[in-house]
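For reference, the structure discussed in these notes is given below.
In what follows, every chain begins at residue 1, and chains take the letters A, B, ... in the order their sequences are listed. Side-chain atoms are counted along with the backbone in the values below, which use heavy atoms only and exclude waters and symmetry mates.
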Protein chains: 2
Amino acid sequence: MSYSSGTPDKKADTRTVILNTALRLFTQNGYFNTSVHDIKREAHLSIGSIYHYFKGKDEIAKALYHDLLEEMEQQFNLIASSHSSTHDRCKAVVSLLLSMTDEKPEAMAFMLHAKHREFLPNETPVCSSKPFTLMKGMVREGIEKGEIRELDPLVAAAVMFGGPIRLIHLHLDGIFAGPLVRQLPSIWDCAWKSVSA
Amino acid sequence: MSYSSGTPDKKADTRTVILNTALRLFTQNGYFNTSVHDIKREAHLSIGSIYHYFKGKDEIAKALYHDLLEEMEQQFNLIASSHSSTHDRCKAVVSLLLSMTDEKPEAMAFMLHAKHREFLPNETPVCSSKPFTLMKGMVREGIEKGEIRELDPLVAAAVMFGGPIRLIHLHLDGIFAGPLVRQLPSIWDCAWKSVSA
DNA sequence: GTCTATATTCGGATAGAC
DNA sequence: GTCTATCCGAATATAGAC
């Protein structure tokens, strides 16, 4: 858990506690069904303390959103630099998405459920965010290199990552059980078959 | 437009006006950013009139949800009865999803964005609803018949419909332009390749 | 069945002591 | 930097005339 921006978390500092609590409540009950009073209660803090760290409820959501996206972007860059073929890169991305869902389901739910437009109207939606742009870029490059069939890059990205993302949604909604990483072989097989040249 | 439950819509009755207006505002600004006063204003009605037809804001959302799901279920049943092979059925479903998005984007957005859990906590989520169950059933049958590879039915359904659904999301978020039906050939080709035996 | 006016609750945000 | 008490606006919902 690394929400602390400047200070090293010797122990869990207040800011981090607030963010973790908010993340849990936001994904559990939704942003609008979560009041600052709820966060206060669950985090064992006072209202004043929360407003000392954040200007308002939306600032908490914004901070969460940015922190999580940035963390994801770093992982994506790592993947891009440690694999050469489009096949390997995209497979690593799918693997990352599945394992992140297993390890930090709330974080994934928060980013994916894409309700952001509803309560963060001024933020760029997930689909236009850095990680997603990187995914699209990988696919485009794969088309140029001939690894992937000639398709609209967006369409190709949608079909390749759409399956895994759909499974993640099903898992987060409680429909599909079990650790998702176990499904990597079969689902990646399907995903790659759908677009490979 | 067929939201009227009992009465034939000689002209647009008040109930229908309310539902149409609410649907537009809910998808445009979100459920929680839409007040009953907003609906009142946009529908050129009075608060009292709205509360005469619905017990509260959540009842409006619930009515919308049920009406839209039922409409979709009927279409799905029609498809199931007019096609025999799994291939044709599933392709027809994808085609339907794409054309529905083109024709009634707000309706699709309302159902898909799956924020329902946030404001309709007691309703079954889309993924467990009738239409989705039917989709899953089609896939399972396809596996038994040998048209589709041996896979977990849920996984197979996720990869086959995940691509199209992802593209729909991208379209509704303004990332992917143009009529979606035009993409049917290419996206269905991909989808079927991913799971066909 | 449609309207206006009003009641009531709730939640975001602030003030200011410690 | 943490707390309590409080304010204020907004939004749901109701009452009751027409």
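Taking a heavy-atom distance under 4.0 Å as the criterion, the stretch of DNA chain C touched by chain A extends 5' to 3' from C/dG11 to C/dT14.
For residues 42-74 of chain B, the ring-ring contact (aromatic ring centres under 6.0 Å, His included) pairs, not counting sequence neighbours, are B/Tyr65-B/His116. Every pair passing side-chain hydrogen bond (donor to acceptor under 3.5 Å, both in side chains) that includes a residue from residues 25-41 of chain A is listed here, sequence neighbours excluded: A/Ser35-A/Asp38, A/Asp38-A/Arg41.
Residues satisfying the side chain to side chain donor-acceptor pair (under 3.5 Å) criterion with B/Glu42, sequence neighbours excluded, are B/Arg24. Take A/Gln183 and apply the side chain to side chain donor-acceptor pair (under 3.5 Å) test, not counting sequence neighbours, and it matches no residue. Residues that satisfy the side chain to side chain contact (heavy atoms under 4.5 Å, CB included) test with B/Glu147, not counting sequence neighbours, are B/Ser85, B/Thr86, B/His87, B/Lys145, B/Trp192. For A/Phe32, the ring-ring contact (aromatic ring centres under 6.0 Å, His included) partners at least two apart in sequence or on another chain are B/Phe32. Partners of B/Asn77 according to the side chain to side chain contact (heavy atoms under 4.5 Å, CB included) rule, which considers only residues two or more places apart in sequence or in another chain, are B/Glu73, B/Leu134. Under the rule for a ring-ring contact (aromatic ring centres under 6.0 Å, His included), the partners of A/His169 that lie at least two apart in sequence or sit in another chain are A/His113. With sequence neighbours excluded, the residues satisfying side chain to side chain donor-acceptor pair (under 3.5 Å) with B/Lys193 are B/Asp189.
Within residues 37-52 of chain B, the residues approached by DNA chain D to less than 4.0 Å at the level of any non-hydrogen atom are B/His37, B/Ile47, B/Tyr51, in residue-number order. Less than 4.0 Å separates DNA chain C from at least one heavy atom of each of the following residues of residues 26-36 of chain A: A/Thr34, A/Ser35, A/Val36.
Here the closest heavy-atom approach between residue A/Ala156 and residue A/Val195 is recorded as O-CG1, 3.9 Å.
As rounded to whole Å, 9 Å separates atom P of D/dA11 from atom NZ of B/Lys57.
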